[in-house]
Structures are given as structure tokens and as C-alpha cells.
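Note that the numbering runs from 1 along the sequence shown for the chain.
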Amino acid sequence: MCGYKRNNLYLQQATREEKEVFLSTLCTLAQIDGKIKPEEMRFIETLSQDMHLELEPQFFSYSTTNCLHKLSNIKNRRLKLEIIKTMLIMAYTNNNFSDSESSFICAVSEALQIEAQKISEISSWIIDHIIWLEQEQLIFEETSPKGE
């Protein structure tokens, strides 16, 4: 995944409660537009495994209000930024960033007290990263392996 580092230090240092809030926020984002896409589910499952946290079914049933309330328990600014970054990465995974996803990310940023300018910077960084990865594939003529 673009911009997602496995074994992220900030997630490793997070408490179990913070990890649950982090993961449930992503689950809420995934279902916010009415349908969880396969690539979103894979993203969440991979993150859950990396966090050593079981993906609980109730993570997908939290209301946005409940989710926003739980986010108020996150105090570490770097972890807050990591939540926003990860949400944006996931929103871009399927090249279809919906209005409902955008609205939810804005609500989360407000709940976490992250400035709009910072959200814009993170979003631009992710888009730039996606472009670099696409250029890499073109430059190095990467295609899917054919039984080498």
C-alpha cells in the first residue's frame, strides 16, 4: 500500500484502546459509502494483522458519532496524524474517493483537532507517492509475472 509502512513505530507504541479506535475508524470509513470494497477489506485485514489485533465485527457497526467520540481518547499528535494518513491512503486505494469518505475524513480531522492545511499536505504527499509508484512501473517496464 502506498505510504503505509508495515510495523509502524507509532502503531506499535499505541495502547490496545488506541489501536482499536484506529482500526474501528478505518472500518467506519470503509463502510461509509454503503459498500466495503475488497481492496479496502484487504487493507484493513493487513493492518489488523500488523497491529496484532483481532478484527472485531463490531468495528464495522460503529456509528460515525460513536467513532468520532472514541477518537477524542487519542492524545498523541503523531498518532492522530497517522490515523489521517492511513484513512487517506485507504480512501485512495480504489481510485474512487467518494464525497462521503471525504466528509468523514474531515469530521475525523476536526475531532482530532488536525488543521485543514495539514490534511491537504498529507493528501498531496499521498497523491505524489502514488504518482511516483506509477512512474516506477512505467520506467522499469513492470508487468505482472508470467510464470518465470
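- Heavy atoms from other residues, nucleotides or ligands lying under 6.0 Å from CD of Gln113 number 12 at most.
- In this structure, Phe59 and Ser48 have side chains that are not in contact, with every pair of non-hydrogen atoms separated by 4.5 Å or more.
- Under the 3.5 Å distance criterion, the side-chain polar atoms of Ser120 are left unmatched by any main-chain donor or acceptor of Ala116.
- A distance-only check finds a donor-acceptor pair linking the side chain of Ser61 to the backbone of Gln58 [under 3.5 Å].
- Residues Met90 and Ile44 have side chains in contact (heavy-atom distance under 4.5 Å, counting atoms from C-beta outward).
- Once rounded to the nearest 0.5 Å, the distance linking CD1 of Ile89 with CH2 of Trp125 reads 5.5 Å.
- Inter-residue side-chain proximity for Phe22 and Leu53 is flagged as unmet; no heavy-atom pair is nearer than 4.5 Å.
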Exercise. Would Leu88 and Phe97 count as a side chain to side chain contact (heavy atoms under 4.5 Å, CB included) if you check the C-alpha gap in whole Å, the side-chain angles of each, and the deciding distance to 0.1 Å?
Worked result: CA-CA 9 Å; Leu88 287 166; Phe97 197 151; 3.8 Å; yes
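- Under the 4.5 Å side-chain criterion, counting only non-hydrogen atoms from C-beta, Glu134 is not in contact with Leu138.
- When side chains are defined from C-beta on, Arg77 counts as touching Ile114, because their heavy atoms get closer than 4.5 Å.
- Of all heavy-atom pairs between Lys85 and Ile126, the closest is O-CD1, 3.6 Å.
- Residues Phe60 and Leu55 are in side-chain contact: their nearest non-hydrogen atoms beyond the backbone lie under 4.5 Å apart.
- Distance check, rounded to the nearest 0.5 Å: CD1 of Ile83 to CZ of Arg78 gives 11.0 Å.
- In this structure, Ile32 and Leu29 have side chains that are in contact, with non-hydrogen atoms separated by less than 4.5 Å.
- We find the OG-CD1 distance between Ser124 and Ile119 to be 11.5 Å, quoted to the nearest 0.5 Å.
- Separating the CD1 atom in Ile105 from the CD1 atom in Ile122 is a distance of 10.5 Å, to the nearest 0.5 Å.
- Atom CD of Glu45 has more than 12 neighbouring heavy atoms from other residues, nucleotides or ligands inside a 6.0 Å radius.
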Exercise. Do Val108 and Thr25 pass the side chain to side chain contact (heavy atoms under 4.5 Å, CB included) test, and can you show the C-alpha distance, the side-chain angles, and the key distance before you say yes or no?
Worked result: CA-CA 9 Å; Val108 167; Thr25 301; 4.2 Å; yes
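- For the pair Glu82 and Lys19, the salt-bridge criterion is not met [side-chain N within less than 4.0 Å of a carboxylate O].
- Between the Gln13 side chain and the Tyr10 main chain, no donor and acceptor come within less than 3.5 Å of each other.
- Interatomic distance, Arg16 CZ to Met51 CE, rounded to the nearest 0.5 Å: 10.0 Å.
- Without hydrogens or angle criteria, Lys75 side chain to Ser72 main chain gives a donor-acceptor distance under 3.5 Å.
- Distance alone, capped at 3.5 Å, is enough to place a donor-acceptor pair between the Ser24 side chain and the Glu20 backbone.
- Remark: Gln135 CD to Asp128 CG distance equals 9.5 Å, nearest 0.5 Å.
- Partners of Thr65 according to the side-chain contact (heavy atoms from CB on, under 4.5 Å) rule, which considers only residues two or more places apart in sequence or in another chain, are Ser63.
- Side-chain contact between Glu101 and Glu40: present, with at least one pair of heavy atoms (C-beta onward) separated by less than 4.5 Å.
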For this session: Just do the side-chain hydrogen bond (donor to acceptor under 3.5 Å, both in side chains) check on Tyr92 and Ser123 with the steps written out, would you?
Result: CA-CA 9 Å; Tyr92 286 121; Ser123 181; 2.8 Å; yes
